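See structure below.
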Amino acid sequence: MCYPAHPMRWSRAFIPTIKEAPADATNASHIYLTRGGFVRRIGAGIYEFLPLGLRVLRKIESIIRQEMDGAGAQELLMPALLPADYFRETGRWDVFGDNLLRLKDRKGGDYHLGPTHEEIITDLVRREVRSYRDLPKNLYQIQTKYRDEPRPRGGLLRCREFVMKDAYSFDVDEAGALASYEAMRGAYIRIFDRLGLTYRMVQADSGSMGGSTSAEFQVLTQSGEDAIGACHLCEYAANLEVASAREPVDQPPSSMAPYQKVHTPNAGTIAEVSAFLKKCPEKFLKSILYQVGGEIVMVIVRGDHEINEVKLAHVLGVGEVLLADDEQIKRATGARVGFAGPVGFQGKIIIDRDAAVVHGGITGANEDDYHFVDVERGRDFQATVADIRSVVQGDPCPHCEKGKIQLFRGIEGGHIFVLGTHYSATMKAHFLDEHGKDKPVVMGCYGIGVSRLVATAVEQHNDEDGILWPMAIAPYQVHVINTGPDENVRQTAETVVGELEALGIEVLWDDRAERPGVKFKDADLVGIPLRLTVGSKTLAQGFVELKPRDEKDNKRAELLPVGQAAATVAERVRALLATSHDA
RNA sequence: CGGGGAGUAGCACAGCCUGGUAGUGCACAAGCUUUGGGUGCUUGAUGUCGGGGGUUCGAAUCCCCCCUCCCCGACCA
């Protein structure tokens with residue numbers, strides 16, 4: 001023991017709080033973590049964790065470790081400094097491009113700092129695992145990762161150096177891999193519940209590296225980078241890139257008028273034509289031209305919908321799609337931008353499912369300043385029907401009867417998926433099955449952005465005064481303040497602090513000779529969930545005051561008899577730890 | 001990588017247009033004062049004005065080059 005076990009006193013602690021946030025901080029977590037003395041930035045996307053910030057990080061790590069171990073995974077630690085050979089072997093030395101943080105050693109050898117460790121763990125497994133008897137295995141690490149992000153942003157939300165938990169499962173077959181995946185899914189649910197975060201498990205674009213089974217754990221916040229569509233009744237939730245609405249039912253009218261051309265001078269946008277013709281946007285067939293591998297393709301969605309380019313690229317079987325430019329539009333339709341339509345269009349036409357059931361539609365006439373009304377698909381044009389639009393607020397849920405889609409923004413806190421044999425086959429990580437047959441192991445990988453979650457928690461839990469940590473990850477559980485210069489008050493605070501410590505409670509005692517206002521402001525900023533104030537007025541009547549951080553009204557502090565304060569507070573801490581599971 | 005913006009004290013900023021050797025607030029130090037929501041007053045310390053080059057008697061200020069950082073977009077296993 002180098003230090004006596006004494007409560008953490010603010011006067012001795014390193015908690016550099018500041019009144020004014022740095023000018024470059026734009027979101028709540030960056031501002032409050034900096035102002036509260038949790039972190040400091042030393043470069044673009046590079047942060048120091050100060051003692052308070054590290055305590056939060058460690059608590060999150062600890063919860064992750066408990067649940068990973070509980071799910072049968074084993075922790076190991078791989079290097080962050082990696083020779084180029086491994087990523088060259090799978091081609092990712094090139095695929096990663098500029099995102100890989102590369103360096104050379106003194107002999108000119110190529111190295112990089114690890115952005116993720118599929119190759120390294122696969123190499124370990126191919127060297128050590130020979131038999132189906134050695135499987136399954138699930139190995140994880142909590143480690144600092146490096147990516148040369150094109151644009152680090154949002155404080156800790158997108159960094160070039162960050163702490164990540166990455167786990168990799170190895171199974172003899174697909175069924176085993178799915179079982180490993182399910183075990184991880186369960187562990188992740190327990191982890192995110194315990195962290196006290198509001199999140200949704202969402203379907204996502206499984207990316208380029210194969211893998212059909214995957215889920216993102218999206219923490220819901222205003223400031224999230226990702227858009228999510230989620231059902232307000234059932235479990236359905238998906239990244240907007242892949243979210244679907246329920247397939248519409250076609251209700252053809254009994255009679256259909258022939259289409260007619262109408263003059264719509266200078267009305268090229270849906271809003272303009274809609275106002276001019278006094279027709280709602282749902283009647284419009286918005287026709288957009290894309291260039292897809294040298295070919296011009298017309299893509300149609302309903303006037304009130306937007307094309308989802310990720311879905312469109314999937315339907316067309318290409319990596320990405322590009323909007324046609326004004327010149328190409330003119331050449332393909334004979335009209336300027338705003339008057340394209342499917343009737344008479346020479347070329348491939350893809351129409352969204354919802355646009356496909358519009359009857360008596362309004363489209364551009366492929367002629368400047370003219371539109372067609374009462375257009376019918378099938379009669380007036382032919383098109384391939386597909387799901388190519390983004391869902392909107394209020395869309396019917398694709399999975400349940402009555403649910404409506406709601407839109408959220410989220411921050412990706414975790415991602416789990418079955419990798420299959422992509423890496424094991426490429427790197428020849430094989431084993432012999434019970435029949436002596438040589439097979440590649442079937443892999444899964446499971447990530448959690450640990451340092452990102454520190455910021456994510458703040459994004460979700462803050463008010464105008466500072467942070468409101470969930471009890472499970474708060475840097476300390478109780479914040480004790482003594483006000484004024486009264487020695488009796490100070491001594492009472494010290495006694496209560498000692499009693500709390502003895503009960504196993506993590507206490508931060510603000511023992512500074514500061515004015516009460518300063519201490520209260522700092523307490524709100526730092527955001528420890530329970531605040532215990534010892535002041536001369538109430539102490540004279542034998543009371544100390546307990547106020548939860550989320551109680552806005554300062555008058556509503558609870559008066560506790562001094563002698564019972566520690567026991568009551570300890571009880572409250574335990575209660576809050578228990579409820580954080582379903583917070 | 002495209003577009004926009006910014007680098008002056010620990011932090012937030014003014015000064016630059018119109019060149020004359022740097023200032024305000026907070027923070028910091030000392031003293032007094034105050035003690036339930038960032039107390040008031042007095043005094044004080046603190047700057048390679050992002051870096052390099054140029055113009056000039058003289059550059060934070062004008063010109064050129066470079067670097068860094070922020071925002072929007074592209075990108076994001």
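Lettering follows sequence order; numbering is per chain, from 1. Bear in mind the structure is a predicted one, so any value in this text is a computation, not a measurement.
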What is the distance from [atom1] of [X] to [atom2] of [N], rounded to the nearest Å?
| X | N | atom1 | atom2 | answer |
| --- | --- | --- | --- | --- |
| A:Glu225 | B:rA74 | CD | P | 11 Å |
| A:Asn27 | B:rC70 | CG | C1' | 12 Å |
| A:His112 | B:rA77 | NE2 | P | 16 Å |
| A:Ile46 | B:rC69 | CD1 | P | 8 Å |
| A:Glu149 | B:rC71 | CD | P | 13 Å |
| A:Gln143 | B:rA77 | CD | C1' | 15 Å |
| A:Ile42 | B:rU68 | CD1 | C1' | 13 Å |

- Item | Aromatic A:Trp509 / basic A:Arg9 pairing, under 6.0 angstrom, 45° off normal |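 Verdict for A:Trp509: no cation-pi partner in A:Arg9.
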Residue matched to [N] through Watson-Crick or wobble contacts both under 3.5 angstrom:
| N | value |
| --- | --- |
| B:rG38 | none |
| B:rC49 | none |
| B:rA6 | B:rU68 |
| B:rC28 | B:rG44 |

Quiz question: going by heavy-atom distance under 3.5 Å, is there a donor-acceptor pair between the base of B:rC76 and the side chain of A:Arg158?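 Such a pair exists between side chain and base.
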Look at the side chain of [X] and the backbone N and O of [Y], then say whether any donor-acceptor pair between them is shorter than 3.5 Å.
| X | Y | value |
| --- | --- | --- |
| A:Arg452 | A:Glu412 | yes |
| A:Tyr32 | A:Asp463 | yes |
| A:Glu459 | A:Ser29 | yes |
| A:Arg160 | A:Ala44 | yes |
| A:Arg35 | A:Ile18 | yes |

Nearest to side-chain heavy atoms of [X], which nucleotide of [options]:
| X | options | value |
| --- | --- | --- |
| A:Arg151 | B:rC71, B:rC75, B:rA77 | B:rC71 |
| A:Arg160 | B:rC71, B:rC69, B:rA12 | B:rC69 |
| A:Ala44 | B:rG73, B:rA12, B:rC69 | B:rC69 |
| A:Asp24 | B:rG25, B:rC69, B:rA74 | B:rC69 |

Note to self: Students often get this wrong, so: under 4.0 angstrom with heavy atoms, is A:Ala25 touching a base, only sugar-phosphate, or nothing?
What the structure shows: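 The answer is nothing, as A:Ala25 stays clear of every strand by at least 4.0 Å.
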Classify A:Pro22 by what it touches in the nucleic acid, base, sugar-phosphate, or nothing, heavy-atom distance under 4.0 Å.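 Sugar-phosphate only.
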(message) As an exercise, state the distance from CG of A:Leu156 to CG of A:Leu453, rounded to the nearest 0.5 Å.
(response)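 So the gap between those two atoms works out to 11.0 Å.
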Do A:Asp110 and A:Lys104 sit within salt-bridge range, that is, some charged N less than 4.0 Å from a carboxylate O?
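Here A:Asp110 pairs with A:Lys104 in a salt bridge, since their nearest N and O are under 4.0 Å apart.
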For nucleotides 31-39 of chain B, 5' to 3', base contacts (B), sugar-phosphate-only contacts (S) and non-contacts (-) with protein non-hydrogen atoms under 4.0 Å give ---BBBBBB
